[in-house]
Amino acid sequence: MNKNNLNKDQIDLGRVPKHVAIIMDGNGRWAKNHGQGRLFGHANGVESIRSVLQGCGEIGIKYLTIYAFSTENWNRPKSEIEGLMNLLVDTIASEVEELNKNGVRMSTVGDPSLLPLNCQESLERMQEITKDNDKIHLQIALNYSARWDIITTVKNISKDVKQGVLSAEEIDEKIINQYSCFSGIPDPELLIRTSGECRISNFMLWQLAYTELYFTEVLWPDFRKDHLFEAIINYQSRERRFGKISEQLEE
Ligand code: FPP
């Protein structure tokens with residue numbers, strides 16, 4: 001890792017992705033490596049989010065989506081779930097003012113109704129305070145999974161078809177985007193997953209159709225903005241063809 005910001009200088013600021021999505025993985029292993037319990041890893045993962053958000057601001061990434069709690073994470077030990085929810089509430093309480101000052105809009109994707117009440121209240125407050133900010137939009141995926149989103153989308157489209165608001169023939173990609181919980185948000189150009197795992201794990205399946213995937217061995221609590229810059233440089237070295245051939249892109 002280059003400590004002198006040389007990495008950042010290699011970034012073409014005219015071709016920075018608008019939207020980066022991150023599967024933050026490896027907190028448990030990081031904690032174990034440090035002889036600590038899993039929550040120690042999650043707590044240290046908050047510093048990584050802070051650093052990445054700062055990096056996004058520095059190079060002009062407009063949307064950052066982070067996978068904080070999946071619908072499958074309810075299967076974890078009760079103490080870890082409670083610890084994660086408390087960490088979320090505490091982090092919002094301690095960070096929201098600073099983030100608000102820095103123009104960060106914060107919202108959630110997923111079904112909040114199963115989260116503890118104090119968590120729901122804290123998230124609502126966070127969204128309300130930051131709703132007019134437009135420097136960067138941080139979306140926290142909580143009790144989220146892509147299949148949940150697809151099921152909810154299909155149900156809501158069906159309801160509107162049944163009520164005559166929409167006809168079945170009108171259903172296209174635009175309509176599906178509009179009904180999904182990412183409505184109005186551009187698809188991510190880049191997905192980062194930390195900790196060496198090379199899976200999508202039920203994250204943004206519809207939205208990732210043309211996304212560049214970047215996997216790194218770095219465990220999430222060690223991930224900093226310099227690692228983000230490295231991922232962006234790697235992304236910029238790729239040719240995004242969207243089904244075309246190279247020669248067509250030069251036209
Ligand atoms: C994955 O690592 C991490 C999570 C499921 C939780 C991520 C949460 C945070 C970084 C902190 C809370 C978030 C906010 C927005 C304040 P893992 O536990 O699966 O690690 P392992 O694969 O090494 O066990």
Side-chain angles (χ1 to χ4, degrees), residues 20-56 63-100 102 104-112 114-116 118-127 129-130 133 136-146 148 191-204 215-225 227-228:
V20 173
I22 304 185
I23 302 178
M24 310 179 287
D25 199 6
N27 295 355
R29 278 162 282 166
W30 187 90
K32 201 172 176 187
N33 294 344
H34 288 75
Q36 300 280 343
R38 301 180 57 80
L39 284 171
F40 184 71
H42 298 317
N44 278 277
V46 173
E47 184 53 40
S48 309
I49 300 173
R50 199 180 287 123
S51 175
V52 165
L53 256 179
Q54 203 184 339
C56 287
Y63 301 89
L64 175 68
T65 302
I66 54 174
Y67 206 2
F69 195 84
S70 72
T71 52
E72 290 83 12
N73 285 151
W74 293 110
N75 297 320
R76 293 197 173 198
K78 197 165 166 262
S79 57
E80 184 175 346
I81 297 174
E82 275 175 11
L84 265 171
M85 297 299 157
N86 290 335
L87 178 63
L88 190 68
V89 172
D90 292 348
T91 305
I92 292 171
S94 62
E95 304 285 332
V96 75
E97 248 176 70
E98 182 71 17
L99 291 169
N100 189 36
N102 289 322
V104 182
R105 176 178 172 191
M106 292 190 279
S107 60
T108 59
V109 282
D111 177 5
L114 292 179
L115 303 177
N118 67 330
C119 202
Q120 291 185 40
E121 285 164 0
S122 145
L123 291 166
E124 273 164 29
R125 192 173 155 265
M126 168 194 92
Q127 306 202 51
I129 292 174
T130 63
N133 294 339
I136 170 162
H137 187 167
L138 171 68
Q139 301 191 102
I140 310 172
L142 276 170
N143 193 24
Y144 167 87
S145 79
W148 164 82
L191 170 84
I192 298 172
R193 183 174 187 150
T194 56
S195 90
E197 307 290 348
C198 301
R199 288 187 294 276
I200 302 297
S201 299
N202 209 355
F203 189 50
M204 301 181 81
F215 300 105
T216 169
E217 295 290 326
V218 177
L219 302 176
W220 179 251
D222 284 331
F223 197 92
R224 291 291 178 274
K225 61 181 178 178
H227 297 104
L228 171 75

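Every number for a ligand or one of its atoms is a count from 1 in the order of the listing. This is a predicted model, so every value here is computed, not measured.
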Considering only heavy atoms of [X], which atoms of ligand 1 have at least one such atom less than 4.0 Å away?
{"X": "Leu88", "result": "14 (C), 15 (C), 16 (C)"}
{"X": "Leu87", "result": "11 (C), 12 (C)"}
{"X": "Asn73", "result": "5 (C)"}
{"X": "Arg76", "result": "17 (P), 18 (O), 19 (O)"}
{"X": "Arg29", "result": "21 (P), 22 (O), 23 (O)"}

Scan side-chain atoms only and decide if [X] and [Y] contain a donor-acceptor pair under the 3.5 Å cut-off.
{"X": "Trp74", "Y": "Asn143", "result": "yes"}
{"X": "His227", "Y": "Thr216", "result": "no"}
{"X": "Asn44", "Y": "Asn27", "result": "no"}

Considering Leu123, Ile22, Asn27, which one's heavy-atom position lies nearest to atom 7 (C) of ligand 1?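 Of the listed residues, Asn27 has the closest heavy atom.
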
Look at Arg29 together with Glu197 and state whether they make a salt bridge at an N to O cut-off of under 4.0 Å.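 The answer is yes: the pair qualifies as a salt bridge.
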
Taking side chain to side chain contact (heavy atoms under 4.5 Å, CB included) as the definition, give me every residue that meets it alongside Glu82, ordered by chain and number, with sequence neighbours left out.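 If we apply the side chain to side chain contact (heavy atoms under 4.5 Å, CB included) test to Glu82, skipping adjacent residues, the hits are Lys78.
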
Classify the contact between Glu197 and ligand 1 as side chain, backbone, both or neither, using a heavy-atom distance cut-off of under 4.0 Å.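 The answer is neither; Glu197 stays 4.0 Å or more away.
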
Please report which non-hydrogen protein atom sits nearest to [atom], along with the residue it belongs to and the distance in Å to one decimal place.
{"atom": "atom 4 (C) of ligand 1", "result": "His42 CE1, 3.9 Å"}
{"atom": "atom 6 (C) of ligand 1", "result": "Ala68 O, 3.4 Å"}
{"atom": "atom 13 (C) of ligand 1", "result": "Ile49 CD1, 4.0 Å"}

More than 12 non-hydrogen atoms from neighbouring residues, nucleotides or ligands closer than 6.0 Å to CD on Glu97, yes or no?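 No, not enclosed.
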
Would you list the pairs meeting side-chain hydrogen bond (donor to acceptor under 3.5 Å, both in side chains) in which at least one residue belongs to residues 31-41, sequence neighbours left out?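 Counting only pairs at least two positions apart or across chains, the side-chain hydrogen bond (donor to acceptor under 3.5 Å, both in side chains) contacts touching residues 31-41 are Arg38-Glu80.
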
